[in-house]
Q: 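Got a structure here, written out as structure tokens. Questions coming.
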2 protein chains.
Amino acid sequence: MSITNPKQALYEQFAMVAKAMGNAQRLEVIEHLAQGSRSVEALAAKMKLPTANVSQHLQAMRRAGIVTSERDGRFINYRVSDESVLAAFAAVRLVAERQSAEVARVVHEWFHRRDEMEPISRVELAKRMKKGLVTIIDVRPPDEFQLGHLPGAINVPISEIKSRLSLFAAGRDIIAYCRGPWCVMSFEAVAQLRSKGLSARRLEDGLPEWKAAGLPVESGL
Amino acid sequence: MSITNPKQALYEQFAMVAKAMGNAQRLEVIEHLAQGSRSVEALAAKMKLPTANVSQHLQAMRRAGIVTSERDGRFINYRVSDESVLAAFAAVRLVAERQSAEVARVVHEWFHRRDEMEPISRVELAKRMKKGLVTIIDVRPPDEFQLGHLPGAINVPISEIKSRLSLFAAGRDIIAYCRGPWCVMSFEAVAQLRSKGLSARRLEDGLPEWKAAGLPVESGL
DNA sequence: AAATCATTCAACGTAATTATTGAATGTATC
DNA sequence: GATACATTCAATAATTACGTTGAATGATTT
């Protein structure tokens, strides 16, 4: 374990990063932080976990250098320290997606035949937004919406989608998005909308990927 | 731990991949396998580890879907199951490189001031190869060389470089490469060559990256 | 069929990881 | 300064990971 040769030392460092990502809870934290910086408490509330638990996961990730923290009043806000972290997350996700039949199975079983929910690409959506042909709904909770969302998107939290189904016009295409490509909420939103005969599709990715692609983002109210 | 909701299940799958990469020995195995398929014994010999140990690491990675195996006679050859695995490895490495001062420090200390060894890029090398301006040396062991190397490269294993220093012409640029960007051998080769007043540089990456970029590879003798 | 050889398995001890609990720390507010 | 509150620390217990050893498996060769 002692650092005797440089090769070993480097591999240890790389392994530390991978190990920090090798936990389901921590990956979920990373996905939340991909939306922007969050306090420990805010993360704990989102994930319905004890604060101390989340705090420890955050510290583990800080030791590996994949998140950083900054005090703001009595809160401590964490953020991913670099886009390379999100790239690594995406790369790991891709491996799982390609290699594991288990992932494909889970997606299939829970998301009601994914092929019927062909996602729309960022590029295609950007084009259609210019022509004003689409209604974009952001199905994330209001606090996340306020911190940043797609231009012109309306916020319909997944919890309220049933009660607001009547508001959507039948003739327009509706595009739903949320946190990322594996975020459950947009799948559910599309399923709900389609069950009412509306034309709905998911955005292929979520807000982080949209921002990362350099496309415009609105924030505030 | 039981798979109750799909989100959790997916994160568990992603975490499994990251966890499989979260070990220094396994990362080294991946780097070896990036060169091509290898038997358990061959890997164990390279890494100077017990066969059973390497076997167990390989099985752990197979469970995560990042390597696959195939029997050939009495050997079992393992290989990385997909390029996405190498991409994930590279992404993890980049995170470590960007975030960890420790990595920068180790590289600095052990590789004798890296800035004096400015690496040459793949693109630049490809250009200069066309003009015939460079001598390319592959400092990996002969067995790896035989399985595939850069066109026109000559094999000078790092162990023999001292005894073959007199063979190099003073007027020509020498480019050394080995397994990948963090492979120690090419750093050492450049240091040796420079100590004799020769003009030597490292290729920025190694053979796997060269292949991945679609550039030509020679094999056999 | 016996021998050989690569790989895997089983069992063991040690170490690391994880979640949980309650106390401690440090900052802002009254 | 006292209080409230977000975060971290410390201690515990349960689980999993890691490396080592020697035996078992499975395919090839003699």
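Order of the sequence lines fixes the chain letters, A, B, ..., with proteins taken first and strands second; residue numbering starts at 1 for each chain. Values below: every heavy atom of this structure, side chains too, minus hydrogens, waters and symmetry copies.
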Q: Using the six-membered ring wherever Trp is involved, compare the ring planes of A:Tyr11 and A:Phe14 and label them parallel, tilted or perpendicular (cut-offs 30° and 60°).
A: perpendicular
Q: In this structure, how many angstroms lie between the C1' atom of D:dT8 and the CG atom of A:Leu43, rounded?
A: 15 Å
Q: A side-chain contact here means heavy atoms from C-beta on lying under 4.5 Å apart; do B:Met185 and B:Pro141 qualify?
A: yes
Q: Among residues 29-42 of chain B, which ones have heavy-atom contacts with DNA chain D below 4.0 Å?
A: none
Q: Whole Å only: how far is the NZ atom of A:Lys46 from the P atom of D:dA6?
A: 17 Å
Q: Check the phosphate of C:dA6 against B:Tyr78, side-chain N and O only, distance under 4.0 Å to OP1 or OP2. Yes or no?
A: no
Q: Between the side chains of B:Arg26 and B:His57, does any donor sit under 3.5 Å from an acceptor?
A: yes
Q: Could you list all N or O pairs between the protein and nucleotides 24-30 of chain D that sit under 3.5 Å apart?
A:
none

Q: Measure from CZ on A:Arg62 to P on D:dT7 and round the result to the nearest Å.
A: 12 Å
Q: With rounding to the nearest 0.5 angstrom, report the CG to CG distance, B:Asn77 to B:Asp72.
A: 5.5 Å
Q: For D:dC9, does either OP1 or OP2 sit under 4.0 Å from a side-chain N or O belonging to A:Gln59?
A: yes
Q: Could you check how far CD of B:Glu70 sits from P of C:dA6, rounded to whole Å?
A: 19 Å
Q: Whole Å only: how far is the CE atom of B:Met16 from the P atom of D:dT16?
A: 12 Å
Q: Which whole-number value in Å describes the distance from A:Ile76 CD1 to D:dT7 P?
A: 7 Å
Q: One pair to check against side chain to side chain donor-acceptor pair (under 3.5 Å): B:Ser69 and B:Arg62. What are the steps and the verdict?
A: CA-CA 8 Å; B:Ser69 63; B:Arg62 187 169 52 191; 2.7 Å; yes
Q: Just verifying a value: how many Å separate B:Ile158 CD1 and B:Phe187 CZ, rounded to the nearest 0.5 Å?
A: 12.0 Å
Q: Kindly indicate whether the side chain of A:Asp205, heavy atoms from C-beta on, has any atom under 4.5 Å from the side chain of A:Trp210.
A: no
Q: Side chains of B:Val67 and B:Val85: does their closest heavy-atom pair fall under 4.5 Å?
A: no
Q: Check B:Gln35, B:Glu209, B:Glu144, B:Glu28 against B:Arg179 for a side chain to side chain donor-acceptor pair (under 3.5 Å) and give me the one that passes.
A: B:Glu144
Q: Once rounded to the nearest 0.5 Å, what's the spacing between atom CD of B:Glu31 and atom CG of A:Leu10?
A: 10.0 Å
Q: What integer distance in Å separates B:Glu12:CD from D:dT16:P?
A: 11 Å
Q: Does C:dT8 have its OP1 or OP2 closer than 4.0 Å to a side-chain nitrogen or oxygen of B:Ser55?
A: yes
Q: Which letters describe nucleotides 17-25 of chain C, given B = protein heavy atom under 4.0 Å from base, S = only from sugar-phosphate, - = neither?
A: SSBBBB---
Q: Drop me the distance from A:Leu167's CG to A:Arg164's CZ, to the nearest 0.5 angstrom.
A: 6.0 Å
